[in-house]
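For reference, the structure discussed in these notes is given below.
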Amino acid sequence: VFALADVIARYWFQQGFDVLHPVGWDSFGLPAENAAIQRNEHPADWTYRNIETQAESFRRYAISFDWSRRLHTADPKYYRWTQWLFLKLYAAGLAYRKASAVNWCPNDQTVLANEQVVGGHCERCGAEVTKRNLTQWYFKVTDFVQRLLDDMDALQGNWPQRVLTMQRNWIGRSDGAHVDFVIEGTGDGAVAGRTVTVFTTRPDTLFGATFFVIAADAPLAAQVCHPDFRTQFERYVHDVQRTTEIERLTEGREKSGVFLGVYATNPVTGEQIPVYAADYVLADYGTGAIMAVPGEDQRDWDFATTFGLPIVRTVKPPDGFEGEAYSGDGPAINSSNDEVSLDGLVIPDAKKAMIAHLEKVHRGSGTVNYRLRDWLVSRQRFWGPPIPIIHCPGCGEVPVPEDQLPVVLPHLTGDELTPKGESPLSAATDWVNVECPSCGGAGRRDSDTMDTFVDSSWYFLRYPTPNDSTQAFDVEAVRRWGPVDQYVGGVEHAILHLLYARFVTKALHDMGYLDFVEPFTALINQGEVRNQGKGMSKSLGNGVDLGEQIETFGVDAVRLTMVFAGPPEDDIDWADMSPAGSLKFLQRAWRLSGDVTSPVGVEVSAGDGSLRRVTHRTIRDATQLIESHRFNVMVARLMELVNATRKAIDADGGPGPGDPAVREAAETVAIGLSLVAPYTAEEMWERLGHSPTVAKAGWPQADPALLVEDSVTCIVQVQGKVRAKLTVSPDVAEPDLQAMALADPNVRRAIGDKTVRSVIVKAPRVVNVVVG
RNA sequence: GCCAGAGUGGUGGAAUGGCAGACACGUCGGCUUUAGGAGCCGAUGCCCUAUGGGGCGUGAGGGUUCGAGUCCCUUCUCUGGUACCA
């Protein structure tokens with residue numbers, strides 16, 4: 001519902017602000033590439049064709065974009081600077097390559113960032129994601145993890161709570177401890193005294209650690225495995241690799257694992273506990289190994305019961321609690337020896353005591369662990385900015401010198417783009433083989449492209465100077481315009497784009513380019529337009545044909561319908577809406593402009609007081625409603641003003657069409673509508689005798705003198721039930737009001753013969769009589 | 001499972017702790033019209049009624065308060081996010 005951002009932009013423009021309301025297309029990415037393969041053409045053809053269509057649609061909707069700042073992230077003159085950003089991050093040590101097990105989409109034939117895997121499926125195509133060991137490029141988001149968390153405090157109240165919560169959960173801070181276990185070889189001594197650290201949020205349960213588990217796919221598991229158990233272990237790992245993520249996460253699935261033939265020494269009890277490899281422990285979280293405390297962790301409990309391992313409770317559960325792990329609070333039990341004593345302590349105290357002990361004996365320490373991983377940015381696909389790095393046998397990774405940017409994509413079309421598991425760019429030999437900028441020897445370009453989210457992680461910095469060919473963005477211009485005062489976008493960006501943009505902003509801030517640390521001061525999530533429950537794409541393509549709706553009812557009515565439908569963040573179902581009703585209202589409003597008979601600039605102070613009060617109250621309310629983004633209610637207020645003006649014109653003995661108050665009201669309606677229904681507003685403005693444009697008319701100011709009410713309704717309650725309504729002066733004295741209330745016949749009847757115990761008087765709005 | 005958010009007429013939705021249902025859609029009635037439509041006027045939460053009014057009503061159950069859709073606790077349902085994260 002992009003009309004919402006337009007309403008906000010038009011409002012601040014009416015208020016006299018310099019408003020930058022830009023438009024751009026995040027135009028790299030898989031959809032274009034897949035379409036190009038299918039149609040045997042170049043992705044750019046498909047992309048720019050679609051952009052034109054959508055630009056036409058935006059124009060048709062009269063969105064007040066500044067078209068002179070239009071940009072496309074797939075233009076070389078834009079992605080040149082995306083590559084510049086990459087090099088800046090590289091120089092700062094924030095872009096690096098590493099080998100790791102990564103998410104792989106077998107359908108799109110590319111790696112994916114963690115954020116792009118939704119419930120084990122590819123965010124783009126829905127295919128089941130598998131794992132691959134690959135060397136890939138990463139951005140070091142984890143360097144900023146605590147700041148990403150802390151700086152959210154400043155966004156509180158200006159961003160939707162939902163988005164902040166999603167980011168907090170995604171970052172996933174856990175406070176706990178690192179604990180060092182020593183793994184001893186048995187038999188012929190496979191491993192001698194190797195220290196293995198685990199992360200736990202429950203160091204207080206260390207006395208109950210009865211076994212030890214290493215992620216089956218972590219290198220550590222193979223390293224510590226006893227030779228006599230290697231065959232079983234390898235068979236198990238093989239089985240694990242065959243099961244997909246989806247199977248692995250199936251609820252109620254029995255725990256599986258294999259004993260590695262070695263034992264770990266519990267650093268506090270000195271006990272030797274068996275070491276297992278299992279797939280319920282994740283290689284890439286914490287240290288990839290855990291101490292298992294079946295008494296307090298249900299997963300460990302399940303494993304222990306499956307494998308017949310001992311279970312010790314270290315927290316006293318409530319009476320009658322049995323048969324499962326207890327994760328609630330309670331006094332610690334079975335947790336004392338000569339060195340440390342936790343028994344009787346509640347969990348928070350027991351944690352502190354255990355951490356203090358571990359630190360004292362140098363077998364562990366308090367620590368914080370995060371779920372957030374570094375951002376995997378390389379992709380094995382064509383339609384993105386090439387990574388500006390040259391690999392040289394002698395010099396290693398060599399950044400492309402800035403003056404050689406952009407590294408422009410080679411011209412590949414159709415079949416040449418078919419995914420083969422490595423980037424199509426690597427087959428473009430003329431393009432790939434280059435001189436090393438450092439030694440002049442034979443080098444190869446990095447053939448991967450960047451994730452499209454890199455393009456969109458900095459674009460807002462480009463809008464102040466979209467055509468600058470000398471720099472990515474202008475520090476002074478960004479200082480003037482940035483950060484973005486009001487961002488409008490769908491909630492689907494909560495942990496993707498919004499997190500990446502926050503990271504890039506902080507990184508550029510630390511490099512001295514920006515004087516702010518958060519890119520978007522305020523955020524509103526607009527809802528989607530649906531039809532009978534079915535989603536509609538961003539391009540408004542399927543579901544209801546809004547093009548047809550525009551043909552029938554006009555752009556203004558369609559815009560008004562979206563705005564009036566409900567709160568902006570709610571999805572709207574077009575089937576529940578009445579564009580015909582919107583049109584009817586616009587016609588009603590428009591008709592007012594033809595009925596006004598007083599001249600332009602007529603002195604309004606002599607106009608009908610009652611209508612003027614309605615007008616000025618509407619101005620006050622509408623102003624406040626827009627600024628709090630309650631556009632649907634703002635429209636309702638305009639409707640009330642139209643109804644009141646209609647009555648003033650038509651009513652026998654009323655002010656009539658010549659009253660200056662009628663002109664004032666009609667002009668107010670026109671300006672109010674200019675935010676939502678610009679065409680109608682413009683016509684009204686002209687019919688009212690003004691020259692264009694109503695968009696520059698300026699937002700009206702409410703006259704405080706006209707906001708004072710000359711009488712108010714006081715409700716009189718008996719035992720909390722409304723029994724009478726009194727019309728009183730706003731500054732009525734409380735004793736007088738009480739007397740009036742008690743004198744009212746309905747109130748007296750409700751009191752009957754009961755005794756009045758007390759009377760609460762809140763002048764001038766309410767009187768409540770308490771009887772007993 | 002865990003974390004958010006939400007449950008209000010036939011529908012979309014309003015309501016700084018103080019008149020529940022603003023504003024619309026829909027429906028019904030009236031005026032106008034050859035007719036249909038449009039326009040305008042009126043009615044419209046449910047139930048009772050002597051037409052003065054009265055009873056009930058914001059998913060359910062408790063509580064705080066003179067007063068609760070709104071605050072607190074419990075519970076149910078729905079939506080979104082997340083999920084062997086130790």
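Within every chain, numbering begins at 1; the chains are lettered A, B, ... in the order of the sequence lines, protein sequences first and strands thereafter. Quantities reported herein were computed from a predicted structural model and do not represent experimental measurements.
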Looking only at side-chain atoms of [X], point me to the closest of [options].
X        : options             : result
A:Tyr280 : B:A83, B:C84, B:A86 : B:C84
A:Thr201 : B:C84, B:C19, B:A86 : B:A86
A:Ala636 : B:C40, B:A22, B:C84 : B:A22
A:Val281 : B:A86, B:C3, B:G18  : B:A86
A:Trp170 : B:A83, B:A86, B:C25 : B:A83

Need one value for A:Arg591: base, sugar-phosphate or nothing, where a base atom within 4.0 Å counts as base even if backbone is also close, heavy atoms only.
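Sugar-phosphate contact only - A:Arg591 comes under 4.0 Å of backbone atoms but never of a base.
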
Look at all strands and tell whether A:Thr713 reaches a base, only sugar-phosphate, or nothing, counting heavy atoms closer than 4.0 Å.
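Base contact.
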
Is the distance from the ring center of A:Phe307 to that of A:Phe211 below 6.0 Å?
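They do not qualify: ring centres at least 6.0 Å apart.
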
For A:Phe585 together with A:Phe564, are the ring centres under 6.0 Å from each other?
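Not close enough - the centres of the two rings lie 6.0 Å or further apart.
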
Side-chain H-bond candidate by donor/acceptor type, A:Arg371 with A:Asn169, under 3.5 Å
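Note: A:Arg371 and A:Asn169 side chains miss the donor-acceptor criterion.
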
Could you check whether A:Asp374 and A:Thr142, counting side-chain N and O atoms only, form a donor-acceptor pair closer than 3.5 Å?
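A:Asp374 and A:Thr142 do have a side-chain donor-acceptor pair below 3.5 Å.
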
Under 3.5 Å, which donor-acceptor pairs link side chains of residues 741-748 of chain A to any protein atom two or more places apart or in another chain?
from     : atom 1 : to       : atom 2 : distance (Å)
A:Asp744 : OD1    : A:Asn746 : N      : 2.9
A:Asp744 : OD1    : A:Val747 : N      : 3.3
A:Asn746 : OD1    : A:Arg749 : NH2    : 2.5

I need the minimum non-hydrogen distance between [X] and [Y], along with the two atoms involved.
X        : Y        : value
A:Arg373 : A:Tyr285 : NH1-CA, 3.9 Å
A:Ala221 : A:Ala277 : CB-CB, 4.5 Å
A:Thr314 : A:Gly208 : CG2-N, 3.3 Å
A:Asn266 : A:Phe181 : CA-CE2, 3.8 Å
A:Ala350 : A:Asp204 : CB-CB, 3.6 Å

Protein-nucleotide distance ([X], atom [atom1]; [N], atom [atom2]), rounded to Å:
X        : N     : atom1 : atom2 : answer
A:Phe212 : B:A86 : CZ    : C1'   : 12 Å
A:Leu560 : B:C25 : CG    : P     : 11 Å
A:Asn169 : B:C3  : CG    : P     : 10 Å
A:Leu583 : B:G37 : CG    : P     : 17 Å
A:Arg371 : B:G81 : CZ    : P     : 14 Å
A:Leu282 : B:U82 : CG    : C1'   : 14 Å
A:Leu164 : B:A4  : CG    : C1'   : 11 Å
A:Asp595 : B:C40 : CG    : C1'   : 13 Å

What's the gap between [N] and [M] when it is taken at their [atom1] atoms, as a whole Å value?
N     : M     : atom1 : value
B:G17 : B:C71 : C1'   : 8 Å
B:A4  : B:A14 : C1'   : 25 Å
B:A20 : B:G13 : C1'   : 13 Å
B:U70 : B:U64 : C1'   : 13 Å
B:G12 : B:G67 : C1'   : 30 Å
B:G39 : B:G18 : C1'   : 40 Å
B:U32 : B:G26 : C1'   : 23 Å
B:A68 : B:C48 : P     : 27 Å

Flag yes if more than 12 heavy atoms outside A:Trp590 fall under 6.0 Å of its CH2 atom; otherwise flag no.
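Count not over threshold, so no.
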
Does anything in residues 160-175 of chain A form a salt bridge (charged side-chain N to carboxylate O under 4.0 Å, His left out)? List the pairs, not counting sequence neighbours.
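Every pair satisfying salt bridge (charged side-chain N to carboxylate O under 4.0 Å, His left out) with a residue in residues 160-175 of chain A: A:Asp153-A:Arg168, A:Arg173-A:Asp175.
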
Quick one: salt bridge (charged side-chain N to carboxylate O under 4.0 Å, His left out) pairs with a partner in residues 719-732 of chain A, sequence neighbours left out?
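Sorted result for residues 719-732 of chain A: empty, none.
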
ring-ring contact (aromatic ring centres under 6.0 Å, His included): which pairs involve residues 732-772 of chain A, sequence neighbours left out?
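Checked against ring-ring contact (aromatic ring centres under 6.0 Å, His included) - neighbours excluded - no pair reaches residues 732-772 of chain A.
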
Judged by each residue's nearest nucleotide on RNA chain B, which is more toward the 5′ side, A:Ser578 or A:Ile495?
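Of the two residues, A:Ser578 wins.
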
Between A:Met291 and A:Met166, just flag the one whose closest nucleotide in RNA chain B comes earlier from the 5' side.
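Of the two residues, A:Met166 wins.
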
Which residue in the set A:Val732, A:Leu726, A:Thr727, A:Val728 passes side-chain contact (heavy atoms from CB on, under 4.5 Å) when paired with A:Ser711?
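Exactly one option meets the side-chain contact (heavy atoms from CB on, under 4.5 Å) with A:Ser711, and it is A:Thr727.
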
Any donor-acceptor N/O pair, A:Arg687 side chain to A:Ser593 backbone, under 3.5 Å
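It does not hold such a pair.
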
Please check this pair: side chain of A:Arg530 against backbone of A:Asp571, looking for a donor-acceptor N/O pair closer than 3.5 Å.
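Pair absent, no side-chain N/O of A:Arg530 close to backbone of A:Asp571.
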
For RNA chain B, which ranges pair as stems of 3 or more consecutive Watson-Crick or G-U pairs, with both donor-acceptor distances under 3.5 Å?
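Stems found: B:1-7 with B:76-82, B:10-12 with B:23-25, B:26-31 with B:39-44, B:45-48 with B:53-56, B:59-63 with B:71-75.
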
For A:Glu627, enumerate each residue passing the side chain to side chain contact (heavy atoms under 4.5 Å, CB included) test, keeping only those at least two apart in sequence or located in another chain.
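Scan of A:Glu627 (side chain to side chain contact (heavy atoms under 4.5 Å, CB included), adjacent residues dropped) gives A:Tyr11, A:Trp12, A:Gln15, A:Thr623.
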
Sub-3.5 Å pairs of nitrogen or oxygen atoms, protein against nucleotides 47-54 of chain B:
from  : atom 1 : to       : atom 2 : distance (Å)
B:G54 : OP1    : A:Arg723 : NH1    : 3.3

Under a 90° cut-off about 0 for the syn range, is B:G53 syn or anti?
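Anti, since the glycosidic angle lies more than 90° from 0.
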
For [range], read 5' to 3', which letter fits each nucleotide if B means a protein heavy atom sits under 4.0 Å from the base, S means only the sugar-phosphate is that close, and - means neither?
range                        : value
nucleotides 5-14 of chain B  : ------SBSS
nucleotides 57-69 of chain B : ---------BS--
nucleotides 41-46 of chain B : ------

Salt bridge (charged side-chain N to carboxylate O under 4.0 Å, His left out) against A:Asp300, all qualifying residues, sequence neighbours excluded
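Per chain and number, A:Asp300 pairs via salt bridge (charged side-chain N to carboxylate O under 4.0 Å, His left out) with no residue.
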
NZ or CZ of A:Lys255 within 45° of A:Tyr280 ring axis and under 6.0 Å
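Yes, a cation-pi geometry.
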
A:Arg646 with A:Asp650: basic N within carboxylate O range, under 4.0 Å:
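Answer for the salt bridge query: yes.
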
State whether A:Tyr285 places a side-chain N or O below 4.0 Å from either non-bridging phosphate oxygen (OP1 or OP2) of B:A86.
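Indeed, a polar side-chain atom of A:Tyr285 lies that close.
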
Interface with RNA chain B, restricted to residues 615-627 of chain A and to heavy atoms under 4.0 Å:
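Contacting residues: none.
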
